[in-house]
Amino acid sequence: MVSNNIVHVVLTGGVGSRLWPLSRKTKPKQYLDLFDGQSLLEMTIARNKSIADRLLIVGNVENYALSCKVMEKFSVDHSHIIEASPRNTAAAIAFAAFQSKEDDILIVTPSDHIISGEEDYMTSLKQAIAIAKNDYLVTFGIKPSKPETGYGYIEFEGDNVLAFHEKPSLDKASEFLRQGNFYWNSGLFCFKAGIFLEELQKQEPEVYNRAKTAWESNDSGLLDYDLSMKIPSISIDYAVMERSSNIKVVASQFGWSDLGSFESVYDYLVEKGHHADANGNILIGSAIHTSFIGVENCLLVHTPDAFLVVKKENSQEVKQVYQELEAVNSPLL
């Protein structure tokens, strides 16, 4: 009987551009100690360490030192895969699969999500592992709490995926909520390393072959830049999950947010007791007394070199500010 090792694969490559100026290239959101004195990466590792036999951190050269510093707080068997240049999630997960035995079960999680309801989370993980042992690729659907336009959706029946849907309009998101068999696409996955690689090779042979070549010439987990740049940059969703006929979904009840915008940070902080004034305005990053007049549901975000003022419902537009700064190669990034 095959004994499947459980490998927790943590993807740490994101920049968190929608959370500028808190999140920077030099310290992305998953490393910020914003959450009860812990970083999102610490919380991610702690959440999964009881179920995993091994931890594998996939990141890039810019984040490597930050990840090493976090790991000083844990006595957990772990290793690093260091991308010379990020090539999106299909390649990142392929590297983790190449580093593992083909019957190892990978639990793939982003490093920057908030999850609550530990018992429900563990129930979903165990369910996913059981399904993955039968050679399926498993994704986790999150029961939506509101018609959210910032997330993709999974349409399902039982544990079968009927379709993946891109970020919808508000009307369509409301309709998804009414129908009841549409869950948020969480970006959490579970599968055998070998099954994922088989499916990647079938669906995106160039990503598979180029990633394999890059992996075979790694130096203690560090990947070669020139070989990496030949890998097409494509997400696991596009490369595999939306095209495979071998997908199952675990419809999950645990609380989840990708904290991908200040709207979700706002909701999380207020829920945790962060002070909001009578009109729902909050201050982040400063102890200076601040009064808001004539506005509601706004965030004032302060860092030593930047201020951001944004209405909660306009949070997705922060990415445009980031892109404008990037276009002029601003040191503020």
side-chain contact (heavy atoms from CB on, under 4.5 Å) between T109 and F189, intermediate numbers included: CA-CA 7 Å; T109 72; F189 307 100; over 6 Å; no

Before you tell me yes or no, could you show the steps for L299 and N281 under side-chain contact (heavy atoms from CB on, under 4.5 Å), namely the whole-Å CA-CA distance, both residues' side-chain angles and the distance that decides it to 0.1 Å? CA-CA 6 Å; L299 301 93; N281 301 300; over 6 Å; no

Show your working on ring pair (Phe, Tyr, Trp, His ring centres under 6.0 Å) between F196 and Y208 and close with a plain yes or no. CA-CA 10 Å; F196 171 75; Y208 173 88; 9.3 Å; no

Verdict with supporting geometry, E317 and R18, salt bridge (Lys or Arg N to Asp or Glu O under 4.0 Å): CA-CA 7 Å; E317 296 168 32; R18 289 182 181 86; over 6 Å; no

Give the C-alpha distance, both sets of side-chain angles, the deciding distance and a yes or no for side-chain contact (heavy atoms from CB on, under 4.5 Å) between E155 and H165. CA-CA 7 Å; E155 183 180 358; H165 297 267; 2.9 Å; yes

Would you sort out whether D267 and V265 count as a side-chain contact (heavy atoms from CB on, under 4.5 Å), showing the intermediate values? CA-CA 5 Å; D267 291 341; V265 171; over 6 Å; no

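The aromatic rings of W184 and Y153 sit perpendicular to each other, their planes meeting at more than 60°, with 30° as the lower class boundary.
Residues V9 and I107 do not share a hydrophobic cluster, defined by chaining ILVMFWY side chains whose heavy atoms lie under 4.5 Å apart. Under a hydrophobic clustering in which Ile, Leu, Val, Met, Phe, Trp and Tyr are joined whenever their side-chain heavy atoms come within less than 4.5 Å, directly or via other members, L55 and L11 fall into different clusters. The cluster map of Ile, Leu, Val, Met, Phe, Trp and Tyr, joined by side-chain heavy atoms under 4.5 Å apart, puts I231 and V240 in the same cluster. V76 and V58 are not part of a single hydrophobic cluster, where members link through side-chain heavy atoms under 4.5 Å apart. Placement of I6 and F140 within a single hydrophobic cluster is found when ILVMFWY residues are connected by side-chain heavy-atom separations under 4.5 Å, directly or transitively.
Of all non-hydrogen atoms in S315 and E263, the two that sit nearest each other are OG-N, 3.0 Å. For A84 against Y225, the heavy-atom pair with the smallest separation is CB-CA, 3.5 Å. Minimum interatomic distance between R54 and S100 (heavy atoms only, all atoms of both residues): NH2-OG, 3.3 Å. Taking every heavy atom of both residues into account, V207 and A90 meet most closely at CG1-CB, 4.3 Å. Between S264 and L259, the shortest heavy-atom contact is OG-CA, 3.2 Å. Across all non-hydrogen atoms, the minimal contact from W256 to H113 is NE1-ND1, 3.0 Å.
The closest side-chain heavy-atom distance from K312 to F262 is not below 4.5 Å. At a threshold of 4.5 Å between non-hydrogen side-chain atoms, the residues P232 and E204 do not count as touching. Counting heavy atoms from C-beta outward, F176 and K172 have side chains that approach closer than 4.5 Å. Looking at D159 and Q127, their side chains never come closer than 4.5 Å, going by heavy atoms from C-beta outward. In this structure the side chain of V70 reaches within 4.5 angstrom of the side chain of Y31, judged on heavy atoms. Proximity of I282 to V270: side-chain heavy atoms (C-beta onward) are separated by under 4.5 Å at one or more points. Counting only heavy atoms from C-beta outward, the side chains of K29 and L22 never approach each other to under 4.5 Å. L308 has its side chain out of reach of L300: every pair of non-hydrogen atoms, C-beta onward, lies at least 4.5 Å apart.
With respect to K133 and D103, no salt bridge is recorded, no charged nitrogen being found less than 4.0 Å from a carboxylate O. At a threshold of 4.0 Å, the pair E198-K192 does not count as salt-bridged, since none of the basic side-chain nitrogens sits closer than that to a carboxylate oxygen. Ionic pairing of E199 and K202 is present here: one or more N-O contacts between side-chain nitrogen and carboxylate oxygen are shorter than 4.0 angstrom. Between R24 and D305 there is a salt bridge, since a side-chain N of the basic residue sits under 4.0 Å from a carboxylate O of the acidic one. One finds no salt bridge joining E296 and K311 here, because no Lys/Arg side-chain nitrogen approaches an Asp/Glu carboxylate oxygen to under 4.0 Å.
In Y238, the OH atom is not crowded: 12 or fewer heavy atoms of neighbouring residues, nucleotides or ligands sit closer than 6.0 Å. Atom CD of E119 has 12 or fewer neighbouring heavy atoms from other residues, nucleotides or ligands inside a 6.0 Å radius. Within a 6.0 Å sphere centred on CD of Q323, heavy atoms belonging to other residues, nucleotides or ligands number more than 12. Counting non-hydrogen atoms of neighbouring residues, nucleotides and ligands closer than 6.0 angstrom, the CD atom of E175 exceeds 12 such neighbours.
Under the 3.5 Å distance criterion, the side-chain polar atoms of D104 are left unmatched by any main-chain donor or acceptor of A193. A donor-acceptor pair under 3.5 Å is absent between the side-chain atoms of D237 and the main chain of E242, judged by distance alone. At distances below 3.5 Å, at least one donor-acceptor pair connects side-chain atoms of N209 with backbone N or O atoms of P205. Using modelled atom types, one side-chain atom of N60 and one backbone atom of E62 make a donor-acceptor pair closer than 3.5 Å. The main-chain N or O of L40 is found under 3.5 Å from a side-chain atom of T44 such that the two form a donor-acceptor pair. With hydrogens and angles disregarded, no donor-acceptor distance shorter than 3.5 Å links the side chain of S111 to the backbone of V10. For W20 (side chain) and L332 (main-chain N/O), a donor-acceptor pair under 3.5 Å exists by modelled atom type. Using modelled atom types, no side-chain atom of N218 and backbone atom of L223 make a donor-acceptor pair closer than 3.5 Å. With T290 contributing its side chain and I288 its backbone, the two residues share a donor-acceptor pair below 3.5 Å. Using a distance-only test at 3.5 Å, with no hydrogens or angles considered, a donor-acceptor pair links the side chain of D277 to the main chain of G280.
In this structure, T26 OG1 and L66 CG are separated by 8.0 Å, a value rounded to the nearest 0.5 Å. Between the CZ atom of F254 and the OH atom of Y121 there is a distance of 6.5 Å, given to the nearest 0.5 Å. For the atom pair L227 CG and R210 CZ, the distance stands at 9.0 Å (nearest 0.5 Å). Between the OG atom in S235 and the CZ atom in R87 there is a gap of 13.0 Å [rounded to 0.5 Å]. Rounding to the nearest 0.5 Å places CG of L41 at 8.0 Å from CE of M71. Between the CD atom of E83 and the CD1 atom of I81 there is a distance of 8.0 Å, given to the nearest 0.5 Å.
E157 and N160 share no side-chain donor-acceptor pair at under 3.5 Å. Side-chain N/O atoms of S23 and Y322 include no donor and acceptor closer than 3.5 Å. Between D258 and Y151, the side chains place a donor N or O and an acceptor N or O closer than 3.5 Å (distance only, hydrogens not considered). For S124 and S252, the side-chain atoms include at least one donor-acceptor pair closer than 3.5 Å. Inspection of the S169 and D171 side chains reveals no N or O donor paired with an N or O acceptor under 3.5 Å. Counted by atom type alone, E324 and Q320 present zero donor-acceptor pairs between their side chains at under 3.5 Å. For the residue pair S39/E42, the side-chain donor-acceptor check at 3.5 Å is satisfied.
For the pair K248 and Y136, the cation-pi criterion (under 6.0 Å, within 45° of the ring axis) is fulfilled.
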